[in-house]
Protein chains: 2
Amino acid sequence: MLLLSCSIMKHSSRKVEIIAKASHLFKEKGYSAVTVRDIAQAMGIKAASLYNHIQSKQEILSVLVMDLARTFTDGMNSILVSKGTPLQKIESLIEMHIDITVNQSEALAALNNDWMHMPEDDVVAFVRMREAYEENFRKIIKQGIESGEIKPRHPEVILFSILSTLRTLYLWYQKRGKLDVNVLKRDMVAVLIEGMV
Amino acid sequence: MLLLSCSIMKHSSRKVEIIAKASHLFKEKGYSAVTVRDIAQAMGIKAASLYNHIQSKQEILSVLVMDLARTFTDGMNSILVSKGTPLQKIESLIEMHIDITVNQSEALAALNNDWMHMPEDDVVAFVRMREAYEENFRKIIKQGIESGEIKPRHPEVILFSILSTLRTLYLWYQKRGKLDVNVLKRDMVAVLIEGMV
DNA sequence: ACACAAAACTAACATTTGTTAGTTTGAAAA
DNA sequence: TTTTCAAACTAACAAATGTTAGTTTTGTGT
């Protein structure tokens, strides 16, 4: 799967470096606890120099979060129109989340915890995208229940259980010394779908 | 189940109010983005007046997080020594998490996202407690696998899947208009243990 | 060698931050 | 009534914050 974090040349290479370093700091302490001086120090330059490349601290956050949100939305859309049973689509969604986790674990932290500190407009757009994403996921689960492929349980509980596992996977993927991606996918799909008994 | 958030009279009633209001704000924006003036305003007093009751902003966080961490540790310990199969213990753990979520959803946010902003000593103690908690959980899962009660899957993946679902439950419990606790427990146990197919 | 642009720098700014010191208020105890 | 004390207040602090303005450095193409 191809995961382009931003369209070509939308940002200068230096800007991309800053965003990368910043996202790493954001993951450790959260957006609000990271100062522009922290980011500058990580880059080996002075705080004021950052402003040759970025417009504001908030802009870094917005680029991080909104780019990743679009990645999720695009992924969901292509899975939606793909052929396959609901269960196979859920499998694809799980694999997509794992791919994104492996490639963008830093940005995932910001998306999960710091989206509310973006400028108002982006917050609105973000929440809309997230709701649409969840609604699509919910529909797939309901289809699976209707077709008898999935046990007739509260769809909300299934949705929540899968999504919260996938959304916090980035926390574990770093701690547990980088498990092999394919092994992780296999085990994760098995546990989430077939359960443990 | 009895959930005492702090031992009797360790804090004055006014202090408890402050901690409650603060935890509500922490949940919305995170510890670092909440100022003592925000907390004061929520209390209807001036910022300086807070310091008649608390020692520092950090102290509020520490009380919140460490009290809740002890609650989890105590709960785990009493389940560990209880009689029952590993699977029954896991069921009890799930129910404990749900009880805590319902009663202390605010503090859970701080415990999940803001523990690293406590004073150094508390961070060390906290991480120790969390590691012990996870290790105990892991052992129960492994026992279940050995006894054949649980499918022979990567225990780490099972542990992670259950824990991340339970740890972020507080986010959904507020959004989805307060589901009935007993229904939630039943469905949650079913989905997490038996899976969806 | 020179011009130009990118990207660094220094210095400063207006706010915001957590916190302290000292004072006033109001209600209960004496 | 007077004393007392918790809990509010005002005023101010030093430090930290995001950001701007103006200047110097650095490297590249002519």
Side-chain angles (χ1 to χ4, degrees), chain A residues 6 8-26 28-65 110 113-123, chain B residues 6 8-26 28-65 110 113-123:
Chain A
C6 57
I8 293 166
M9 284 295 90
K10 199 165 67 182
H11 311 295
S12 75
S13 69
R14 201 75 176 128
K15 184 168 183 176
V16 172
E17 283 181 65
I18 292 172
I19 293 172
K21 283 268 196 268
S23 70
H24 185 249
L25 293 171
F26 293 166
E28 309 283 305
K29 316 198 295 174
Y31 172 79
S32 305
V34 174
T35 71
V36 291
R37 284 168 181 82
D38 291 335
I39 300 171
Q41 194 173 33
M43 292 288 299
I45 60 178
K46 291 299 166 73
S49 308
L50 289 174
Y51 289 83
N52 285 315
H53 309 281
I54 61 164
Q55 288 189 359
S56 65
K57 186 190 173 195
Q58 265 190 320
E59 194 212 357
I60 300 178
L61 181 65
S62 274
V63 171
L64 268 176
V65 173
N113 304 317
D114 290 320
W115 55 269
M116 71 287 282
H117 300 116
M118 292 189 298
E120 178 72 12
D121 289 354
D122 286 334
V123 169
Chain B
C6 56
I8 293 167
M9 284 295 90
K10 198 164 68 181
H11 310 294
S12 74
S13 68
R14 200 76 176 126
K15 184 167 183 175
V16 172
E17 283 182 64
I18 291 172
I19 293 172
K21 282 268 196 272
S23 70
H24 184 249
L25 293 172
F26 293 166
E28 310 281 306
K29 315 199 295 173
Y31 172 79
S32 305
V34 174
T35 71
V36 292
R37 283 169 180 83
D38 291 334
I39 301 170
Q41 193 173 34
M43 291 289 298
I45 61 179
K46 292 297 166 73
S49 307
L50 288 174
Y51 289 82
N52 284 317
H53 309 282
I54 61 164
Q55 287 189 358
S56 65
K57 186 191 172 194
Q58 266 191 319
E59 193 212 359
I60 300 178
L61 181 64
S62 274
V63 170
L64 268 177
V65 173
N113 305 317
D114 290 319
W115 54 269
M116 71 287 283
H117 300 117
M118 292 190 298
E120 180 71 12
D121 289 354
D122 285 333
V123 169

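Sequence lines set the chain letters: A, B, ... in the order given, protein chains first and strands last, and positions in each chain run from 1. Hydrogens, waters and symmetry mates are skipped; everything else that's a heavy atom, side chains included, is used.
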With rounding to the nearest 0.5 angstrom, report the CG to CD distance, B:Asp114 to B:Gln58. 11.5 Å
By nearest-heavy-atom nucleotide on DNA chain C, the more 5' of B:Asn52 and B:Lys57 is B:Lys57
With the side chain of A:Ala47 defined as its heavy atoms from C-beta on, choose the nearest nucleotide among D:dC9, C:dC9, D:dT19. D:dT19
From the options C:dC9, C:dG18, D:dA8, select the nucleotide whose nearest atom is closest to the side chain of B:Thr35. C:dG18
Please check if the number of heavy atoms outside A:Lys21 that lie under 6.0 Å from its NZ is greater than 12. no
Should we say atom CD of B:Glu28 is surrounded by more than 12 heavy atoms from elsewhere, each under 6.0 Å from it? yes
Hey, does A:Arg14 reach any base, or is it just sugar-phosphate, or nothing, if we go heavy atoms under 4.0 Å? sugar-phosphate
Mind running side chain to side chain donor-acceptor pair (under 3.5 Å) on A:Asp38 and A:Thr35 for me, showing each step along the way? CA-CA 5 Å; A:Asp38 291 335; A:Thr35 71; 3.3 Å; yes
B:His53 vs D:dA6: side-chain N/O to OP1/OP2 distance below 4.0 Å: no
Within the 4.0 Å heavy-atom criterion, would you say B:Ser49 contacts the bases, only the backbone, or no part of the nucleic acid? base
Starting at CG of A:Asp38 and ending at P of D:dT17, how long is that distance when rounded to a whole Å? 7 Å
I want to confirm an ordering. Mapping B:Gln58 and A:Arg37 to their closest nucleotides on DNA chain C, which one lands closer to the 5' end? A:Arg37
Atom NZ of B:Lys15 to atom C1' of D:dA6: distance rounded to whole Å? 15 Å
To the nearest angstrom, the NZ-C1' distance between B:Lys46 and C:dT19 comes to 16 Å
Tell me the interatomic distance from A:Tyr31, atom OH, to D:dT17, atom P, rounded to whole angstroms. 13 Å
Could you tell me the separation between the CE atom of A:Met43 and the P atom of C:dC9, rounded to a whole number of Å? 11 Å
Length of the line joining A:Ile18:CD1 and C:dA8:C1', which is rounded to integer Å: 11 Å
In whole angstroms, the gap separating C1' of C:dA8 from CD1 of A:Ile45 amounts to 7 Å
When rounded to whole Å, the OH to P distance for the pair A:Tyr51 and C:dC9 reads 15 Å
Fit a plane to each ring of B:His117 and B:Tyr31, take the angle between them on a 0 to 90° scale, and name the class: parallel (under 30°), tilted (30 to 60°) or perpendicular (over 60°). parallel
